[in-house]
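For reference, the structure discussed in these notes is given below.
Proteins get letters first, then strands, A, B, ... in listed order; numbering begins at 1 in each.
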There are 2 protein chains.
Amino acid sequence: MAGQATQTRRRGDTRGEIQRAALSRFTDQGYDKTSLREIAEDLGVTKAAVYYHFRSKEEILESLVREMADSLEALLDWARAQTPSREVRLELLRRLAAATSGGLGDTMRCVQQNELALASMPSTVDLVHRYKQELWKVATPPDATVEQKLRVRLAIMAILLVNHGSADLGGTAAERQEAAQRIAADVII
Amino acid sequence: MAGQATQTRRRGDTRGEIQRAALSRFTDQGYDKTSLREIAEDLGVTKAAVYYHFRSKEEILESLVREMADSLEALLDWARAQTPSREVRLELLRRLAAATSGGLGDTMRCVQQNELALASMPSTVDLVHRYKQELWKVATPPDATVEQKLRVRLAIMAILLVNHGSADLGGTAAERQEAAQRIAADVII
DNA sequence: GTCTATAATACGATAGAC
DNA sequence: GTCTATCGTATTATAGAC
């Protein structure tokens, strides 16, 4: 998957292609187990070419994390502009599901899968942690108890969970998404 | 943390010490980012000494996975001997919480944190996958819908979630555990 | 922008002395 | 059972030609 091996080395979006190849590899085999040689060969260039577009391997992952942060920012901005209520929180979860069905979902999955690798990257550890906290915060009632906070986190996990893997649950992707929304609505106070 | 740096190189449980040091390192920094040199130095020996007790780095992680599997087996055996009912499933979750409060929890956390590294280890990928499925299976009603299956997985996640990290939820560890049990009871049909 | 070539380093793993 | 010493390999990253 992912690559295009040979030929087709004509387009001028090498930087973007590197990001896409890296996203795929990082998600499937992990950041540590992915070498720059693999990424380069996926698009038919050499390692040195990759180093023209990114100063380091870390910087590739960092660029993906920043894209995720930017996408999430829009969602957070919307939520912060609302008056907190249960209906707003449920709408936030619906919007999160919609957003993570697209490209944002792939990046979030990559970030999630490589949480440990990111934890030892000074340039991104704070960013990842901050956005996780922010998402929890806007989805949680202001006066929430410990149990209510935990409920919110589980609701978010339900949404994110069905966006990848989970095919072994059976049913279609749409059915799984609807099930996750029902559970989220049920678990949130 | 974890280590004892120098001195104290007297006891005859080097194999166990290697496992403990590896468990700690693998959990905190990840399997890939942990070198055998680090593990060896944690207990004040050399890499070569580690290779006397384990044939490879993989074998260390493998030994931890097998210990986890053995601990889980007891839980699964109990569950399989019961007549499926909601009360039995809730009791299973209580027993899971109790088991994962002890040493099993540390190993499960390590396995969870290194899911991606384990996925590329032929010797353990099947074992991990099998035990995850088995745990889901015994906790799920025989005729469960997609939504009910998802609910069971979330209940299990709630239990495992509060067993590590989650300190930022506030409250004591016991309070978080009780909250998780209440949510599990609430989310399970 | 992409190449070839290579430096510098760290790793997993082994051999053989003690 | 632990040591010293080392092998072979792969990696990240750089220098300089084109």
Side-chain angles (χ1 to χ4, degrees), chain A residues 3-23 25-26 28-65 114 116-118 120-124, chain B residues 3-23 25-26 28-65 114 116-118 120-124:
Chain A
Q4 67 206 73
T6 44
Q7 258 27 45
T8 343
R9 200 81 280 291
R10 296 285 176 273
R11 270 162 297 148
D13 185 28
T14 307
R15 195 188 145 93
E17 285 181 67
I18 292 169
Q19 287 177 310
R20 275 187 290 278
L23 179 65
R25 292 265 183 194
F26 290 168
D28 292 348
Q29 5 174 292
Y31 174 80
D32 291 304
K33 282 204 156 55
T34 301
S35 72
L36 291 175
R37 181 185 50 76
E38 284 175 312
I39 294 174
E41 284 174 2
D42 278 346
L43 35 148
V45 296
T46 63
K47 271 194 301 180
V50 174
Y51 273 100
Y52 173 83
H53 295 279
F54 294 92
R55 294 168 63 161
S56 68
K57 185 184 170 185
E58 266 197 30
E59 209 187 71
I60 303 178
L61 184 51
E62 198 184 318
S63 77
L64 295 172
V65 172
N114 292 287
L116 235 122
L118 282 161
S120 50
M121 282 178 49
S123 52
T124 55
Chain B
Q4 67 209 70
T6 44
Q7 251 34 40
T8 342
R9 201 80 278 293
R10 295 285 176 273
R11 271 164 296 148
D13 185 28
T14 306
R15 195 189 145 93
E17 285 181 67
I18 292 170
Q19 286 178 310
R20 275 187 290 278
L23 179 65
R25 292 264 182 194
F26 290 167
D28 293 348
Q29 4 171 293
Y31 174 80
D32 291 304
K33 283 205 155 53
T34 301
S35 72
L36 290 175
R37 181 186 50 76
E38 284 176 311
I39 294 174
E41 284 174 2
D42 277 347
L43 34 148
V45 295
T46 62
K47 265 196 305 179
V50 173
Y51 273 100
Y52 174 81
H53 296 278
F54 294 94
R55 295 169 64 163
S56 68
K57 184 184 172 185
E58 266 197 31
E59 210 189 68
I60 303 177
L61 184 52
E62 199 184 318
S63 76
L64 295 171
V65 171
N114 292 287
L116 233 119
L118 282 162
S120 50
M121 281 177 50
S123 52
T124 56

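One atom, CG of D32(A), and another, C1' of dT12(D), lie 13 Å apart when rounded to the nearest Å. Separating the CG atom of L43(A) from the C1' atom of dC3(C) is a distance of 15 Å, rounded to the nearest angstrom. Rounded to whole Å, atom C1' of dT12(D) lies 12 Å from atom NZ of K33(B). One atom, NZ of K47(A), and another, P of dA15(D), lie 15 Å apart when rounded to the nearest Å. The nearest whole Å value for the distance from the CD atom in E17(B) to the C1' atom in dT2(D) is 14 Å. For the pair L36(A) CG and dT14(D) P, the computed distance is 11 Å after rounding to whole Å.
D32(A) places none of its side-chain heavy atoms less than 4.5 Å from the side chain of L116(B). Using a 4.5 Å heavy-atom cutoff, the side chains of I39(B) and F26(B) are in contact.
The NZ atom of K47(B) sits 10.0 Å away from atom CD of E41(B), with the distance rounded to the nearest 0.5 Å. Atom CZ in R37(B) sits 12.5 Å away from atom OG1 in T46(B) (nearest 0.5 Å). One distance of note links OG of S120(B) with CD of E58(B); it measures 7.5 Å at 0.5 Å rounding. The distance from the CD1 atom of I18(A) to the CG atom of L23(A) is 13.5 Å, given to the nearest 0.5 Å.
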Side-chain donor-acceptor pairs under 3.5 Å in residues 48-57 of chain B, sequence neighbours left out?
{"from": "S56(B)", "atom 1": "OG", "to": "E59(B)", "atom 2": "N", "distance (Å)": "3.2"}
{"from": "K57(B)", "atom 1": "NZ", "to": "Y31(B)", "atom 2": "O", "distance (Å)": "2.9"}
{"from": "K57(B)", "atom 1": "NZ", "to": "T34(B)", "atom 2": "O", "distance (Å)": "2.8"}

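The side-chain hydrogen bond (donor to acceptor under 3.5 Å, both in side chains) check on S63(A) picks up Q19(A), with sequence neighbours excluded. Qualifying side-chain hydrogen bond (donor to acceptor under 3.5 Å, both in side chains) partners for S123(A), counting only residues two or more places apart in sequence or in other chains: E62(A).
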Contacts under 3.5 Å, N or O only, protein and nucleotides 8-10 of chain C:
none

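In the region residues 48-58 of chain B, proximity to DNA chain C at under 4.0 angstrom, judged on heavy atoms, holds for A48(B), Y51(B), S56(B), K57(B).
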Worked verdict on T124(A) versus L61(A) for side chain to side chain contact (heavy atoms under 4.5 Å, CB included): CA-CA 9 Å; T124(A) 55; L61(A) 184 51; over 6 Å; no
Intermediate values then yes/no, side chain to side chain contact (heavy atoms under 4.5 Å, CB included), I60(A) and L36(A): CA-CA 10 Å; I60(A) 303 178; L36(A) 291 175; 3.8 Å; yes
For DNA chain C, the dot-bracket pattern of Watson-Crick and G-U pairs whose distances stay under 3.5 Å, | for other-strand partners: ||||||||||||||||||
